[in-house]
Number of protein chains: 2
Amino acid sequence: MNKIKDTTTETDILNAAKRIFQHKGMVGARMQEIADEAGINKALLHYYFRSKQLLFEAVFKMAFSMLAPQLNEVMNADTSLFEKIRSFSNNYISFVIKHPYLPNFVIQELNRNPEFVQNLIAEKNFPNIVKFKKQVNDKVAEGNIRHIKAEQLFINIMALNIFPFIGAPLLKGFTNVNDITYQQLMEDRKTEVADFIINAIKI
Amino acid sequence: MNKIKDTTTETDILNAAKRIFQHKGMVGARMQEIADEAGINKALLHYYFRSKQLLFEAVFKMAFSMLAPQLNEVMNADTSLFEKIRSFSNNYISFVIKHPYLPNFVIQELNRNPEFVQNLIAEKNFPNIVKFKKQVNDKVAEGNIRHIKAEQLFINIMALNIFPFIGAPLLKGFTNVNDITYQQLMEDRKTEVADFIINAIKI
DNA sequence: ACATTTGTTAACCATTTGGTTAAACTATAT
DNA sequence: ATATAGTTTAACCAAATGGTTAACAAATGT
C-alpha cells in the first residue's frame, strides 16, 4: 500500500551507474564511485548486480534501448523517404541535446567490445534496415532520387546526425566557436541536416 | 657511425605505447602491457617518460600530428572548393583505412578530457578554418553554391568522412553487412562522399 | 686504465580496486 | 512474540597497478 518509496534501491543504483558509466566508460568507472553516487554501500551493488560487468551490461542495454526507437523511426516508419529523413534528423538531434553523453557512450563501448553488437541484435526492437533499403531502391528505380546505395545513404544520415555530438570537442576547436555558438549550430541542424541530405539525393 | 640500431628504445616504447593506447585508451592501457609489447622492463618506461600520463601525451600528440596534415588540406589548400572536398575525402579515407584506430582514439580521448584541445590549438600546424570559411562565403555570395554556413559544411564534411570508421561496429550491425562488404563500402566512399556533398551544395 | 654518465633490470612498495563475508537491521508471515 | 526471508553495512581480502629503488651493465670521455 505504502508506495511512497516504491522502486528505490535497484533503480537508484541503475541511475547512479548510468551517470558514472556514461561519463567515464566501463573501464574508467569505479564501483565505489557508483555506490557513493547512489548513496549506498559498495556491497549492495554486488548484492543487486553481482559484478561490475553485469551492472555495466544492464546500464548499457538501458542506454541502447533509449536510442533504438529513434533509429527505428528512420527505418520502419510508414512515411515517405524525405519525410523520414526530416523527422529523424529533427527528433534525433532534439533527443541528443537532452542526453548528450549517450551516443558517445554507446559508440565507445561498442568499439571496445565489437562482439557485443551480436548480443544487441538478438534483442527485440533492434533496428533493421530492410524496409528502408527497399524504399530507397524503389525511389532510385523510379528515378525519383539520384542513384545511391541504401547502405551509403543510411550511413550518411547517421554520420550527419550523430557525429557532431561525438566529435564536439574537436569540432569546437577547429571551427573556433564557443559552447553557446556550437549549441546554436546544433539547433540549426535540426532542419539543416535534412535539407542537406535531400538536396544531395534529389534529382 | 654504426647506425644499424639507431633510434631504438625510445621509439620502441613509443610504438608499443601507440598500439596499446590506441586499442585500449588511456584508462584501459597498462604500463606492464606496454613494457611487454616493447620488449623491455616496466621501469624503463618511467626512465624515458616519467609517468603514464606523459607517455600518453607523447603518443596522443604523435597521433594527432598524423591527422592534422590531412585536415589542413580541407582548410588551407589553394584549390577550388569542390576540388578540396574531393581530394580530402579521397585522401582521408585512404589514410584511415590504413590507420583504423586513429580517429576513434583521438575523439575518445578528447571527450574524456575536452580541455586538452586548448593544448593542441597552441601547437603549430593546428588546423584552422579561416581560409575555408572565406572560400565558402565567397562561393555563396557569388551564387555558385547554395546558401550554407561554412561551419555547417565543415562539420558535414568531417562527419561523412570520419563517422563511418568510428561507428563501424554499430553501422555493420544496422546494415547487416559483413566486414568485407563494409570495407568495400568504405572504398566506394572515397568518391561517393564527395559526390554526395557536392550535390548537396551545388545549385 | 679508469671514472663518469647513460641505459637496463629485478625486486619492492603503497594504493586502488573489484569482490567477499559475517553480522546487523527490517519487514513480513505465522 | 517470534521465526523467516530479504536488505544493508563495516570490515576484510587478494590481485592488480603505477611508480620507486638500488644494484648492475654498457658506453663514453679523459
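This one's a predicted model, so the numbers in the text were calculated from it and none came from an experiment. Labels below follow one simple rule: chain letters A, B, ... track the order of the sequence lines, proteins then strands, and each chain is numbered from 1.
The CG atom of L44(B) sits 13 Å away from the C1' atom of dA26(D) (whole-angstrom rounding). K52(A) has its NZ atom 9 Å from the P atom of dT17(C), to the nearest Å. The CG-C1' distance, from L45(B) to dG19(D), rounds to 11 Å in whole Å. Distance CD1 (I34(A)) to C1' (dG19(C)): 14 Å, rounded to an integer number of Å. To the nearest angstrom, C1' of dT8(D) lies 11 Å from CD1 of I13(A). With rounding to whole Å, Q32(A) atom CD is found 11 Å from dA10(D) atom P. As rounded to whole Å, 17 Å separates atom P of dA23(D) from atom CG of N41(B). The distance between atom CD of E10(B) and atom C1' of dT8(C), rounded to the nearest whole Å, is 15 Å.
Each of A43(A) and S51(B) has a nearest nucleotide on DNA chain D; the 5'-most of these lies closest to A43(A). Annotation: of the two residues near DNA chain C, H46(A) and I40(B), the 5′-most nearest-nucleotide partner is I40(B).
The nucleotide whose nearest atom lies closest to any side-chain atom of M31(A) is, among dG18(C), dT9(D), dT9(C), dG18(C). For Y48(B), counting side-chain heavy atoms from C-beta on, the closest listed nucleotide (dG18(D), dG7(C), dG19(C)) is dG7(C).
For R30(A), a side-chain nitrogen or oxygen approaches OP1 or OP2 of dG18(C) to under 4.0 Å. Within the structure, every side-chain polar atom (N or O) of Y47(A) is placed at least 4.0 Å from both OP1 and OP2 of dG6(D). The side chain of T9(A) contributes an N or O atom lying less than 4.0 Å from OP1 or OP2 of dT8(D).
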Might you work through the salt bridge (Lys or Arg N to Asp or Glu O under 4.0 Å) test for R86(B) and E83(B), ending with a clear yes or no?
CA-CA 5 Å; R86(B) 284 193 207 284; E83(B) 189 48 46; 5.2 Å; no
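When heavy atoms are screened at a 4.0 angstrom cut-off, A35(A) is found touching no nucleic acid atom at all. When heavy atoms are screened at a 4.0 angstrom cut-off, F49(B) is found touching no nucleic acid atom at all.
In terms of polar N and O atoms assigned as donor or acceptor, the side chain of K42(A) comes within less than 3.5 Å of the base of dG19(C) in a complementary pairing.
Taking 4.0 Å as the cut-off between side-chain N and carboxylate O, K24(B) and E33(B) count as a salt-bridged pair. Between E192(A) and R189(A) no salt bridge is recorded (no basic side-chain N to carboxylate O distance below 4.0 Å). K202(B) and D195(B) are not joined by a salt bridge, as no carboxylate oxygen comes within less than 4.0 angstrom of a charged side-chain nitrogen.
In summary, the aromatic rings of F105(B) and Y101(B) are positioned with their centroids too far apart to meet the 6.0 Å limit.
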